[in-house]
Amino acid sequence: MVGIQQSDSLFRDTTMGRRALLGGMGAATLAFTFNMPDPASARVREPRFPSNPFTLGIASGDPLRNAVVLWTRLAPEKFAPYGGLDPSASIPVHWQVSKDENFTTIAREGTELAHPEYYFSVHADARGLRPSYTYFYRFIAGDYVSEVGRTRTAPAPGTRLGQLNFAFASCNSFGAGYFTSARHLGDEDLDLVFFLGDYIYEYAISTETSLRVGMEPVPTELNVETGSLSRYRLQYSLYKSDPDMIYAHRQAPWIATWDDHEVENEYPVEEATADDVVRRANAYRAYWEHMPLRKPQRPAGPEARMYRSFDYGRLARFNVLDVRQYRSVELSTKPIPDSPERRDSGRTMLGADQESWFLQRLTSSPARWNIVPQQVLMGMLDTLPGEQSQFAPAGWDGYQASQQRVLNTVAEQDVSNFVVLTGDIHRNYVLDLKADYDDPDSATVGAEFAGTSLTSGSDGTDDDSGLDDRYAANPHLHWGSLQRGYVRCHLDEDLLQVDYREVPYVTTPGAAVSTRSSFVVEAGVPGVQNA
């Protein structure tokens, strides 16, 4: 990757810890600083907007027992640089959290500065809220008031939570279809949404592709692939302006993690060039600017801590992983056979620090359910029936030692009710997690539910005969589907019910949603059962 420009970033000197930086970047490149500055020098200007600045919607995320992040970005001209605002001045934005939709009972309020350094995004950490409580929120800037969003805090530690309704989704490719599934997702009565990566795709967007119903024509700058900070920002401006996505964000808090397309398909880490690292820094920064994330997730150049944990009383612990940023180099770009290299204990999916954190969070969990929202298939999926085996190199199968260390921990430490939620694969898969995939008779230690894409891969198909080889090679695979949609979950102390919600098409708007199949996991009974 060459020619990536970073002239619209602010830098200062810093020490970089990434192996790729120390090993592959020259002195001139190291003179850059990737740290995102704490704005202090920009003057503050009371806004006089020519039109509504909340064109990209509002969102909430990362709920705690007493807090939630509130997000928006000021952009009266959504596709203009800096949203059409003066890049030399910060703008005050007022936020309110209310107990009712009419804002007659304000629970908390405050003012944040929207800084040009962060593209006039706002990340208000609203604290002092009640646990397990539904709130409504909005923003006020100048003479404009945003639409109203609904959010909900997590329960207090030790709380016996009767039930939890949540969903998970992944893979928005704007060029592949309408975000109809996101609209249906917003219509579900949910406490929480997990988004498991590929919120954007890095690809160029043609003007014809972008002419959706209800959306204005987009600039020709979208016709080239992302790379520079300004180009990533423009990609988010397009995605965030989609009315169905705006609607879905307003209905419930989201907990988001990234996959690869937020940067580039299968982007390199261990063997990254200097240009790769700069591109990653641009992508990470634009991601944080456009998602409801706290300051601890704010990147320092090409590094950001996205793995984190959320406890929902005594009912569930959610350990959110980052399987992209710390992995060893992939063995191939094509399917791989079983081999000593695939099983090499020195190769890692999570990196040493994240893996240690993850296993400790599992073994110390007081929760009845231990649920892992993450990006790529954790369970084994042999793609070649018969005596020989073949695996996807980018999934956990390509890092078998990391895969086995997790499964060993779950089995040996009696981790209760272990469930993995997965994105990435553009297919629905339901699998049992086995203690030892080399022994088909080994114990089942958990369940994995992989969700299809919202749009990626276009319409999909209701002809699932293409999965016959998968069933033949994987006796632990219960079900698969090639449609588009999301996954809805109902959790209580005794049962997790999982409903696969699908739409028949995405290349034209207006598709209805229906439940294609449902499964359950009973507390104390590892593995999947038909509902």
Side-chain angles (χ1 to χ4, degrees), residues 164 166-171 192-197 255-257 259 306-310 312 316-324 327 349-350 354-355 357-359 361-363 365 367-381 391-392 394-400 402-411 413-437 442-452 474 476-480 486-489 491 496-500 519-523 525-529:
L164 184 66
F166 63 94
F168 65 94
S170 65
C171 302
L192 187 62
V193 173
F194 292 97
F195 197 86
L196 304 182
I255 295 175
T257 187
D259 197 20
M306 289 298 295
Y307 63 89
R308 56 211 194 278
S309 188
F310 298 87
Y312 269 66
R317 169 168 286 181
F318 296 99
N319 292 310
V320 181
L321 301 184
D322 175 359
V323 305
R324 287 292 173 186
R327 61 167 57 193
M349 173 64 90
L350 300 178
Q354 182 181 193
E355 182 176 303
W357 168 88
F358 176 41
L359 299 184
R361 295 296 292 175
L362 286 177
T363 56
S365 173
R368 187 166 180 82
W369 295 86
N370 288 279
I371 302 177
V372 185
Q374 54 100 54
Q375 297 88 341
V376 298
L377 206 64
M378 181 178 287
M380 189 189 81
L381 190 73
F391 305 99
W396 286 78
D397 279 336
Y399 302 80
Q400 190 273 340
S402 287
Q403 179 188 59
Q404 195 61 56
R405 284 193 294 270
V406 173
L407 297 175
N408 286 347
T409 297
V410 174
Q413 300 297 320
D414 294 323
V415 175
S416 65
N417 303 315
F418 181 66
V419 177
V420 176
L421 313 178
T422 297
D424 175 70
I425 204 165
H426 304 174
R427 297 178 173 193
N428 290 318
Y429 280 134
V430 177
L431 310 93
D432 286 334
L433 295 171
K434 308 292 287 186
D436 181 2
Y437 284 107
S442 70
T444 296
V445 298
E448 181 169 13
F449 298 96
T452 185
N474 301 277
H476 54 281
L477 175 63
H478 287 260
W479 177 78
Y486 56 92
V487 186
R488 181 181 66 192
C489 304
L491 182 67
L496 169 66
Q497 175 159 332
V498 177
D499 300 323
Y500 278 85
F519 301 88
V520 298
V521 178
E522 292 185 31
V525 184
V528 178
Q529 303 176 47

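Distance check, rounded to the nearest 0.5 Å: CZ of R317 to CZ of R361 gives 3.5 Å. Atom CZ of residue R488 and atom CD of residue Q497 lie 8.0 Å apart, to the nearest 0.5 angstrom. D259 CG to L196 CG: the interatomic distance, rounded to the nearest 0.5 Å, is 9.0 Å. Rounding to the nearest 0.5 Å places CG of N408 at 10.0 Å from CG of L359.
Partner of V320 under the side chain to side chain contact (heavy atoms under 4.5 Å, CB included) criterion, out of F310, F358, Y307: F310 alone. Under the side chain to side chain contact (heavy atoms under 4.5 Å, CB included) test applied with F168, the options F194, F195, Y486 reduce to a single match, F194.
The salt bridge (charged side-chain N to carboxylate O under 4.0 Å, His left out) test applied to R427 returns no partner, not counting sequence neighbours. By the side chain to side chain donor-acceptor pair (under 3.5 Å) test, N319 pairs with S309, sequence neighbours left out.
D424 is not listed as a side-chain neighbour of S170, based on a closest heavy-atom distance of 4.5 Å or more. At a threshold of 4.5 Å between non-hydrogen side-chain atoms, the residues L477 and L381 count as touching. Side-chain atoms of V406 and M378, non-hydrogen and from C-beta on, do get closer than 4.5 Å to each other. At a threshold of 4.5 Å between non-hydrogen side-chain atoms, the residues V372 and L421 do not count as touching. Counting heavy atoms from C-beta on, the side chains of L433 and V410 never come closer than 4.5 Å. Inter-residue side-chain proximity for K434 and M380 is flagged as unmet; no heavy-atom pair is nearer than 4.5 Å. Here the side chains of L362 and F418 are in contact, with some heavy-atom distance below 4.5 Å. Counting heavy atoms from C-beta outward, V528 and W479 have side chains that stay 4.5 Å or more apart.
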Could you walk me through whether R324 and Q375 pass the side chain to side chain contact (heavy atoms under 4.5 Å, CB included) test, one step at a time? CA-CA 9 Å; R324 287 292 173 186; Q375 297 88 341; 5.6 Å; no
Might you work through the side chain to side chain contact (heavy atoms under 4.5 Å, CB included) test for L431 and N474, ending with a clear yes or no? CA-CA 9 Å; L431 310 93; N474 301 277; 5.9 Å; no
Working note: Y437 + H476, criterion side chain to side chain contact (heavy atoms under 4.5 Å, CB included); need CA distance, chi angles, decisive distance, verdict. CA-CA 9 Å; Y437 284 107; H476 54 281; 3.6 Å; yes
Given the rule in the side chain to side chain contact (heavy atoms under 4.5 Å, CB included) test, do R308 and I255 qualify, once you have shown the distances and angles that lead to the verdict? CA-CA 10 Å; R308 56 211 194 278; I255 295 175; 3.9 Å; yes
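One N or O on the side chain of T409 and one on the backbone of R405 form a donor-acceptor pair closer than 3.5 Å. A donor-acceptor pair is defined here as one N or O able to donate and one able to accept, closer than 3.5 Å; such a pair exists between the side chain of T452 and the backbone of H426. No donor-acceptor distance shorter than 3.5 angstrom exists from the side chain of T444 to the backbone of P526, with no hydrogens or angles considered. Side chain of Q404 to backbone of D436: no donor-acceptor contact under 3.5 angstrom is found. The backbone N or O of V323 sits less than 3.5 Å from a side-chain atom of R327, completing a donor-acceptor pair.
In this structure, Y500 and G451 approach most closely via the heavy-atom pair CE2-CA, 4.4 Å. Here the closest heavy-atom approach between residue V376 and residue G395 is recorded as CG2-CA, 3.9 Å. Between A435 and L407, the shortest heavy-atom distance links the atoms O-CB, 4.3 Å. Nearest approach of N428 to V487, heavy atoms of both residues: OD1-CG2, 4.4 Å. Residues L491 and A316 share a closest heavy-atom pair of CD2-CB, 3.9 Å. For T422 against L377, the heavy-atom pair with the smallest separation is CG2-N, 3.6 Å.
With no hydrogens or angles considered, a side-chain donor-acceptor pair links W396 and Q374 at under 3.5 Å.
The aromatic ring centroids of F318 and F166 lie less than 6.0 Å from each other.
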